[in-house]
Every structure is written in C-alpha cells, then in structure tokens.
Amino acid sequence: MRTSDYTSAMINELQRTLELLSEESVEQLVERIARAQKVFVAGAGRSGLMMRAFAMRLMHMGFAVYVVGETVTPGLGPDDLLIIGSGSGETKSLAVMAAKAKGIGASLAAATTNPESTIGQISDVVIQVLASPKEASDQESFTIQPMGSLFEQSLLLVFDSIILRMMDRQELDGSAMFGRHANLE
Ligand SMILES: O=C([C@H](O)CO)[C@H](O)[C@H](O)COP(=O)(O)O
C-alpha cells in the first residue's frame with residue numbers, strides 16, 4: 001500500500017469511531033468543564049500528549065487549566081474537574097490518581113475505550129471511544145494501526161470538537177483565543 005492509502009484507511013477508521021461517540025456524554029463533559037473552578041488533565045504516553053493539546057486550547061479559551069505532573073500545577077480541590085485520557089482505563093498511575101480525585105470530592109471524567117475499566121467505573125462522565133486499547137489492536141480487525149494509535153488520534157479530534165462546541169456556546173472566535181497564546185515561544 002502507498003502512504004496515501006494508509007492515510008485514507010486511517011481517516012475511514014477515525015470516521016467510523018467518531019460517528020459512534022455519545023453526544024450525551026460529550027455534553028455532560030462540556031457542562032462539567034463550564035462549572036469547574038479549575039480543570040486538570042492527565043494521561044500517560046501518547047494519550048497524555050493529546051490531553052496536553054486539549055489543555056492548551058482550554059487555556060486559549062480562558063479556562064484555569066493544568067496538566068497533572070507539571071511543576072506549577074496546584075492541588076486539586078472539590079470544585080475542580082480532573083479529565084483523564086486512557087485507552088485502557090487501567091494505567092496504574094492514572095487509576096491511583098482517579099481514586100484520589102474522587103476521595104477529594106472533585107469531578108472525574110474519562111475518555112477511554114473501556115467504560116468498565118478501573119478508571120471508567122469510578123468516573124462521573126465517561127466518553128467511550130470505540131477504538132482498541134494499546135494491548136489489543138493486533139487482534140482486532142477494526143484498525144490497521146498499531147497499539148493505541150486509533151484511540152490517541154480520536155482523542156485529539158474528540159477534544160478539538162469539544163473546543164469548537166464550547167467556542168460556539170461562548171461566542172468565542174479564534175482571534176480572541178490567539179490573544180492568549182504563548183508570546184515567549
Ligand atoms: O503511549 C502509549 C502507547 O503508545 C499506546 O499506543 C499509551 O498512550 C500509554 O501507554 C498510556 O496508555 P493508556 O492509559 O492505556 O492510554
């Protein structure tokens with residue numbers, strides 16, 4: 001196959017996965033983001049990179065948002081929201097973090113392939129992304145991609161769609177957001 005054939009196959013996979021997203025869960029997450037005092041995002045590896053990309057856009061929108069693990073990230077409080085991106089929903093450090101957030105009384109949201117996972121089960125909002133977790137993709141016929149690639153790409157698109165939805169609600173445009181972009185880069 002040529003590279004462009006792979007690209008087409010990946011776009012088809014993404015379309016199929018994203019068409020199956022629950023609009024209701026997405027709306028629930030939008031509401032929780034709007035109500036939260038501070039928003040925290042977390043994820044490991046490539047899933048974590050997608051969560052960082054989402055955090056940047058939330059910052060551009062004017063939200064108080066932090067990436068868990070950064071030196072300047074403050075403590076989580078009961079009025080805050082933690083959003084975890086985890087394909088498996090079982091990554092140990094994230095499962096411990098999720099349980100701690102619940103103990104503090106914060107809201108917990110997860111984007112995962114598996115709502116029945118450790119993290120999915122204790123989350124207030126679960127966005128189920130119908131893609132393979134990293135350990136299963138080779139056995140699944142619905143993706144040609146290795147490990148969690150389809151999940152990770154879907155995360156980026158799901159969260160970028162959520163940003164567009166929230167921009168619409170707040171009547172914000174890209175130029176207002178650009179005004180908040182880093183000017184020391
Ligand atoms: O980096 C990852 C790997 O490349 C999968 O394709 C994962 O995102 C990382 O290992 C975290 O796993 P999950 O929590 O299951 O997303």
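Starting from 1, each residue takes its place in the sequence as its number. Heavy-atom basis, side chains included; hydrogens, waters and symmetry copies ignored. First listed ligand is number 1; within each ligand, the first listed atom is number 1.
A donor-acceptor contact closer than 3.5 angstrom is absent between the side chains of Q153 and E13.
Residues that satisfy the side chain to side chain donor-acceptor pair (under 3.5 Å) test with S117, not counting sequence neighbours, are absent from this structure.
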Side chains of residues 176-185: which donor-acceptor partners sit under 3.5 Å, not counting sequence neighbours?
| residue | atom | partner | partner atom | Å |
| --- | --- | --- | --- | --- |
| R180 | NH1 | H60 | O | 2.7 |
| H181 | ND1 | H60 | NE2 | 2.8 |
| H181 | NE2 | E185 | OE2 | 2.7 |

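In terms of protein heavy atoms, atom 2 (C) of ligand 1 is closest to R46 N, 3.7 Å. The single protein non-hydrogen atom nearest to atom 6 (O) of ligand 1 is E152 OE2, 2.6 Å, given as residue, atom name and distance. In this structure, atom 8 (O) of ligand 1 lies nearest to the protein heavy atom S47 OG, 2.8 Å. Protein heavy atom at the shortest distance from atom 13 (P) of ligand 1 is T91 OG1, 3.4 Å. Ranking protein heavy atoms by distance to atom 10 (O) of ligand 1, first place goes to K134 NZ, 2.9 Å. Among protein heavy atoms, atom 15 (O) of ligand 1 sits closest to S88 OG, 2.7 Å.
The aromatic rings of F159 and F54 sit parallel to each other, their planes meeting at less than 30°, with 60° as the upper class boundary.
Cluster annotation: L156 is not connected to L20 through the hydrophobic network of ILVMFWY side chains, with a link wherever side-chain heavy atoms come within less than 4.5 Å.
For ligand 1, the polar-atom distance check finds no N/O of L94 at less than 3.5 Å from any of the ligand's N/O atoms.
Here is the list of ligand 1 atoms found below 4.0 Å of a heavy atom in G148: 5 (C), 6 (O). The G45 neighbourhood of ligand 1 comprises atoms 1 (O), with distances under 4.0 Å to a heavy atom of that residue.
A donor-acceptor pair is defined here as one N or O able to donate and one able to accept, closer than 3.5 Å; no such pair exists between the side chain of S123 and the backbone of V126.
Ion pairing of E23 with R165 is absent here, as no side-chain N (NZ or NE/NH1/NH2) approaches a carboxylate O to less than 4.0 Å.
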